[in-house]
Amino acid sequence: MTYQVIARKWRPQKFEDVVFQDHISKIIRNSIRMGRISHAYLFSGPRGVGKTTMARILAKALNCLSADNPTDNPCDVCENCIEIKQGYSFDVIEIDGASNRGIDNIRDLRENVNLAPVKARYKVYIIDEVHMLTKEAFNALLKTLEEPPKHVVFIFATTEIHRIPETILSRCQKYLFKKIPVKSIANHLEKIIHEEGYKIDKGALYPIARAGEGSMRDSQSLLDQVISFSDGAISEEDALSILGIVTLDSYLKLLTFISNPDPAGLVDEIDRISVLGIDISRYVAGFIDIIRTIRLVNNGIILTEILGFSNDEMQALKKAGSNFTDEELSIIYKLASDLQTSLRFSTNERINLEMALLDMISVKKSPSVASILRKISEARGTGLNSAAGTAGKQTKNTTQVNNEESAIDNIKSLFHGEVID
Ligand SMILES: [Zn+2]
């Protein structure tokens, strides 16, 4: 038996199976039940989130033979359902807007639109990437939309709704598809792996789902790649090295080496990443995400759904975050963003990365103004020397304490040796 790619094999066949787009399924099913069929639907949203899948299910719902009228629960086994599912129905025509964007293509379509369906109730035209049509093609299409034959339904799909003329938009029922959260993707991948009889380390699931960036289709093809290299059991390390995805572990190491200054450790880790052939820009983008997450978590904002980390990962991030103050994270974030910008023009990305990481170490080494002021205020209560001494020894290393003490001395000298009340 030939291997069938996951995205295809697992393409949802029923409304309720389209992951995370329930808000759309619900309205469409409802309108079918009420007999309110529109002549034009517009599905917009990011790539790989279920737009054409939903379009095909809608085409089945309109033409399923298990009921006398369109049904919100297509049977999937009648002749029409099967033909639509397999993609060879005469009455459900899929057009790629990107490669059929000209006026001639739409003229052909307009001639065919008037012919009655062969076997189905409705002739359904699914036009993917409809925003690619030329202006002339849109104008021709508009004429059909203005007076659509009774038996015709258009379903347009697009990732760029703003490129579609208002005259077309105003004639469509519009549905906005959402980017799928990492958690929903990870859960779905887990289900697929389980039912396909593979085993996977839990630690690999979230990174794969994250790498799909909200697209179920992309995440599924990443999973395909991993499966094709495995013999049934997928370890975290295998999965990540096959896909060139950076483990959370690498970022946690960076944070440790920054909070507990270890320049050699940092450079070693960057060396390891470079040897693995990891794209530095993507690596930095991942690091920025991590800084954002721990800063939010440190501020008491834990939106697991949005941040896209598993519970275990979240615990590790919380622990790493506890070594940084909010200001330090703010400065580190700024350094990382500047680094990201500079990488665009860099001829040696690795050097930029190393330099930025060393800057981050100095953020940790040099006391911030706020921490100096805090020290001063502590000193007011307990006597300057003992505060700087005992508080420092408990949590900070000697370099930091020395730096802070000398900074406090500097400030004291500004106030002529007096700490003001
Ligand atoms: Zn059917």
Side-chain angles (χ1 to χ4, degrees), residues 1-2 4-45 48-97 109 112-128 130 144-145 148-158 172-175 177 180 188 191-192 195-196 216-217 220:
M1 213 180 79
T2 52
Q4 199 180 6
V5 298
I6 285 173
R8 185 172 238 197
K9 188 169 174 188
W10 284 82
R11 187 189 270 276
Q13 298 298 339
K14 289 181 173 291
F15 283 115
E16 60 266 37
D17 293 338
V18 185
V19 175
F20 206 67
Q21 312 297 354
D22 311 349
H23 61 296
I24 292 172
S25 300
K26 215 169 156 182
I27 302 174
I28 292 183
R29 294 184 78 172
N30 229 349
S31 62
I32 294 173
R33 276 198 296 268
M34 318 264 281
R36 288 201 303 254
I37 312 295
S38 171
H39 280 293
Y41 295 82
L42 180 88
F43 294 169
S44 73
V49 297
K51 297 186 295 296
T52 43
T53 296
M54 189 77 88
R56 286 186 194 168
I57 299 174
L58 175 55
K60 284 194 294 189
L62 295 173
N63 290 321
C64 177
L65 299 170
S66 73
D68 294 333
N69 292 304
T71 165
D72 71 324
N73 202 9
C75 73
D76 229 25
V77 292
C78 72
E79 197 181 351
N80 282 356
C81 279
I82 288 175
E83 287 188 4
I84 296 169
K85 183 161 77 174
Q86 312 280 10
Y88 56 77
S89 165
F90 281 115
D91 299 316
V92 176
I93 301 109
E94 289 195 35
I95 300 167
D96 172 21
L109 182 149
N112 283 310
V113 155
N114 292 315
L115 305 173
V118 182
K119 285 194 217 169
R121 282 181 207 107
Y122 290 93
K123 216 165 178 172
V124 182
Y125 288 89
I126 300 174
I127 308 186
D128 202 9
V130 69
T144 307
L145 284 181
K150 265 200 166 124
H151 59 263
V152 168
V153 170
F154 286 100
I155 309 174
F156 305 124
T158 180
C172 299
Q173 252 184 39
K174 293 173 278 293
Y175 295 91
F177 283 63
I180 310 172
H188 193 64
K191 186 176 155 197
I192 293 173
E195 294 198 14
E196 292 283 328
M216 183 63 86
R217 187 174 57 224
Q220 287 174 333

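Counting starts at 1 for both ligands and their atoms, in listed order. Any value given below was found using the heavy atoms of this structure, including those in side chains, with hydrogens, waters and symmetry copies removed.
No side-chain heavy atom of Phe154 sits less than 4.5 Å from a side-chain heavy atom of Val130. Proximity of Arg11 to Lys85: side-chain heavy atoms (C-beta onward) are nowhere separated by under 4.5 Å.
Shown here is Lys26, whose NZ atom has no more than 12 heavy atoms of other residues, nucleotides or ligands within 6.0 Å.
For Asp91 and Lys119, the salt-bridge test fails: no basic side-chain N is under 4.0 Å from an acidic carboxylate O.
Taking the six-membered ring where the residue is Trp, Phe177 and Phe43 present tilted rings, their angle falling between 30° and 60°.
Within the protein, the N, O or S atoms sitting under 2.8 Å from the Zn ion (ligand 1) are Cys64 SG, Cys75 SG, Cys78 SG, Cys81 SG.
Using modelled atom types, one side-chain atom of Arg121 and one backbone atom of Cys64 make a donor-acceptor pair closer than 3.5 Å.
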